[in-house]
Q: 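Pasting a structure below so you can have a look.
In this chain, residues are counted from 1 in sequence order.
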Amino acid sequence: MKRLLLKSSLLLVTVLVVVMARAFVMSNFDLSNFPRNNVSNSACFRAKIDHASRTPESKACTFLISGSSMSLNNISGKIIRNRSGEHVYNFSSWNLKPQQTLKFLKSGIIGTNVKIILLAFNNDDFGKAEFTVDYGAAVDALSDNFLTKYWTFIKTFNITTFFEDIEYRTKFAHLTNTYESVDFDETGSRTLDRAGFNISRKRWGLFSDSTGFSVFLTDTKKLHTECEKHNIKLYLVYLPTRPDLLGKKYADQNSAISRELKDNFGNCFIELWESKIIGENYCDGTHLFTEGAEYLTNVMMDSLQVRKCGISFTQ
């Protein structure tokens, strides 16, 4: 029995050594590039944690962008940084919900320098969270403490998801013409290039109505309350939809949503869902190409400047 246990232990150790060695080679001999498969079941969030751990802008961040792909693809962190003079980082990931940003605050994922959080959203963001996060592992992955970071990695190691994560990175890490790209810029944003972009006709016609708004409102109120505790200003930005998808029915729903958000958040709510962005600047119903994202970000920054939000604008 003891011999069997010894052999099993040796086999397990051998497997771990092989796995770690392979990962070490595949990460260009840089342990900081280890896949974060222990952090979440979201490939985008795993990649974002990895990016944030290696990006100086995330450490010094004073202006944090959060949310789903609506914030990731439609908001330019570079423009916000250049116009505001703030240290900007876009922590957005596919399908991220307000309640998860709330847990960022409570867990310590968000640094102590943050004074503004911008949450951009569309009707696609209403409803409950769709992916899980191990907030403790995420905090440890962002730590500068080598021992803490890698003890957590080993402790929560999963061989199956580890190799899935490596495969995903190999396939998508440097693509620029796909929704699935995780090739973030230095601010964590990922605007979408028009050249060579493969538009999915299935996604071209997708539009979400107001279903799930009550969940979004409840979670955002909680986030707002927590931000106030930390002396952080929260701004909510309601983004546009491709004009031909709206129609009167959906426009009326959006108007009702805007009124309720204005009643609850006042000057912290920025209504941009009626922004006149031509259809050619959309790569589907809600995601914008880079030109559209840059235009929208500048409009949003103009609005923030008028609101005297505590930013010393540089231009």
Q: CG/D144 to OG/S53 distance, rounded to the nearest 0.5 angstrom?
A: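 Going from CG on D144 over to OG on S53, the span is 9.5 Å.
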Q: Please lay out, stage by stage, how K78 and E186 fare under the test side chain to side chain contact (heavy atoms under 4.5 Å, CB included).
A: CA-CA 8 Å; K78 290 181 180 179; E186 66 266 29; 3.4 Å; yes
Q: Can you tell me if N41 uses its side chain to pair, donor with acceptor, with the backbone of T132 under 3.5 Å?
A: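 Checking the backbone N and O of T132 against the side chain of N41, a donor-acceptor pair under 3.5 Å is found.
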Q: Please list, one pair per line, the donor and acceptor atoms closer than 3.5 Å that link side chains of residues 215-222 to other protein atoms, with sequence neighbours excluded.
A:
residue: T218; atom: OG1; partner: S214; partner atom: O; Å: 3.0
residue: D219; atom: OD2; partner: Q99; partner atom: NE2; Å: 3.1
residue: T220; atom: OG1; partner: F216; partner atom: O; Å: 2.6
residue: K221; atom: NZ; partner: N264; partner atom: OD1; Å: 3.4

Q: Any side-chain heavy atom of L105 within less than 4.5 Å of one from I232?
A: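 Counting from C-beta outward, L105 and I232 do come under 4.5 Å.
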Q: Is there side-chain contact between L72 and C44, with heavy atoms separated by less than 4.5 Å?
A: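 Yes, at least one pair of side-chain atoms sits under 4.5 Å.
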Q: Heavy atoms only: give me the nearest L246-A251 pair and the separation to one decimal.
A: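 Residues L246 and A251, closest heavy atoms: CD2-N, 4.2 Å.
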Q: Between E86 and T62, is there a side-chain donor-acceptor contact under 3.5 Å, judged purely by atom types and distance?
A: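 Yes.
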Q: Please report the interatomic distance NZ(K262) to CD1(I270), rounded to the nearest 0.5 Å.
A: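 The distance works out to 9.5 Å.
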Q: Between D50 and R54, is the closest basic N to carboxylate O distance under 4.0 Å?
A: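 Yes, charged N to carboxylate O under 4.0 Å.
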Q: Of all the heavy-atom pairs spanning K48 and Y89, show the shortest one and how long it is.
A: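 Of all heavy-atom pairs spanning K48 and Y89, the closest is CD-OH, 3.2 Å.
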Q: What I'd like to find out is whether the side chain of W273 reaches to under 4.5 Å of the side chain of E271, using heavy atoms alone.
A: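 In short, these two side chains touch, coming nearer than 4.5 Å.
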Q: Any ring pair (Phe, Tyr, Trp, His ring centres under 6.0 Å) involving residues 97-119? Give me the pairs, sequence neighbours left out, ordered by first then second residue.
A: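 Non-adjacent pairs meeting ring pair (Phe, Tyr, Trp, His ring centres under 6.0 Å): F45-F104, F91-F104.
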Q: How are the rings of F126 and Y238 set to each other: parallel, tilted or perpendicular (split at 30° and 60°)?
A: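 Answer is tilted, since the angle falls between 30° and 60°.
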Q: Mind checking what makes side-chain contact (heavy atoms from CB on, under 4.5 Å) contact with E291, not counting sequence neighbours?
A: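 R194, N281, F289.
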Q: Start with the C-alpha distance between L245 and Y250, add both sets of side-chain angles, then the distance that settles side chain to side chain contact (heavy atoms under 4.5 Å, CB included), and finish with yes or no.
A: CA-CA 8 Å; L245 288 181; Y250 294 133; over 6 Å; no
Q: The test is side-chain hydrogen bond (donor to acceptor under 3.5 Å, both in side chains); show your working for S66 and T101 and say whether it passes.
A: CA-CA 7 Å; S66 191; T101 302; 2.6 Å; yes
Q: Starting at CG of L236, measure out to OG of S258 and round the result to the nearest 0.5 Å.
A: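 With rounding to 0.5 Å, CG (L236) is 11.0 Å from OG (S258).
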Q: So, do L304 and R83 sit near enough that their side-chain heavy atoms are less than 4.5 Å apart?
A: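 SC-SC contact between L304 and R83 ruled out.
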Q: Just by modelled atom types, is the I75 backbone N or O under 3.5 Å from a matching donor or acceptor in the S189 side chain?
A: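 Answer holds: yes.
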Q: How long is the straight-line distance from CG of L288 back to CD of E294, given to the nearest 0.5 Å?
A: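 E294 atom CD to L288 atom CG measures 11.0 Å (nearest 0.5 Å).
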Q: Side chains of W94 and V182: does their closest heavy-atom pair fall under 4.5 Å?
A: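 In contact.
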Q: Quick one: does C268's side chain get under 4.5 Å of L234's, heavy atoms only?
A: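 SC-SC contact between C268 and L234 ruled out.
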Q: What distance do N123 atom CG and T241 atom OG1 have between them, rounded to the nearest 0.5 Å?
A: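 Answer for the CG-OG1 pair, N123 versus T241, is 6.0 Å.
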Q: Before giving the answer on side chain to side chain contact (heavy atoms under 4.5 Å, CB included), spell out for E130 and K97 the whole-Å C-alpha distance, their side-chain angles and the decisive distance to 0.1 Å.
A: CA-CA 8 Å; E130 297 180 18; K97 304 295 184 183; 4.2 Å; yes
Q: Shared ILVMFWY cluster between L102 and I117, side chains joined below 4.5 angstrom?
A: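 Yes, because L102 and I117 connect within a single hydrophobic cluster, where side-chain heavy atoms sit under 4.5 Å apart.
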Q: Please confirm whether the backbone N or O of S76 pairs with a side-chain atom of T297, one donor and one acceptor, at under 3.5 Å?
A: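 Pair found, side chain donor or acceptor close to backbone of S76.
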Q: Would you call F121 and M70 a side-chain contact if the rule is heavy atoms closer than 4.5 Å?
A: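 No, every pair of side-chain atoms sits at 4.5 Å or beyond.
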Q: Mind listing the closest non-hydrogen atom pair of S71 and S92 along with its distance?
A: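 Minimum heavy-atom contact is CB-OG, 3.0 Å.
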Q: Starting at CZ of F213, measure out to CG of N254 and round the result to the nearest 0.5 Å.
A: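 Reported to 0.5 Å precision, the distance equals 10.0 Å.
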Q: Please give me the minimum heavy-atom distance between N73 and A293, naming the atom from each residue.
A: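 Closest pair (atom of N73, atom of A293, distance): O-CB, 3.7 Å.
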Q: Would you say K103 has more than 12 foreign heavy atoms packed within less than 6.0 Å of its NZ?
A: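 No, not enclosed.
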Q: What closest approach, in Å, do L239 and A120 show between heavy atoms, and which atom pair accounts for it?
A: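 Minimum heavy-atom separation between L239 and A120: CD1-CB, 3.8 Å.
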Q: So L118 and M300, side chain to side chain contact (heavy atoms under 4.5 Å, CB included) or not? Walk me through it.
A: CA-CA 10 Å; L118 179 79; M300 181 197 73; 3.4 Å; yes
Q: Should I79 and I116 be regarded as members of a common hydrophobic cluster, given that ILVMFWY residues are connected when their side-chain heavy atoms come within less than 4.5 Å of each other, either directly or indirectly?
A: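 No, no single cluster joins them.
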Q: Using modelled atom types and a 3.5 Å cut-off, is there a donor and acceptor pairing between side-chain atoms of D193 and backbone atoms of A195?
A: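 Checking the backbone N and O of A195 against the side chain of D193, no donor-acceptor pair under 3.5 Å is found.
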Q: Measuring only between side-chain heavy atoms, which start at C-beta, is Y135 closer than 4.5 Å to K106?
A: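 No, side chains not in contact.
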Q: Looking at K248 and D252, is there a salt bridge between them, counting it only when a charged N and a carboxylate O are closer than 4.0 Å?
A: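 Salt bridge between D252 and K248, a charged N being under 4.0 Å from a carboxylate O: yes.
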Q: Minimum heavy-atom separation for V139 to S107, with atom names?
A: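 Answer, listing the atom of V139 first, then S107: CG2-O, 3.5 Å.
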Q: Take a 6.0 Å sphere around CG of N231 and say whether it holds more than 12 heavy atoms from other residues, nucleotides or ligands.
A: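 12 or below, so no.
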Q: Between D124 and T286, do the side chains contain an N or O donor and an N or O acceptor separated by less than 3.5 Å?
A: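 Their side chains do contain a donor-acceptor pair, which is all the 3.5 Å distance test asks for.
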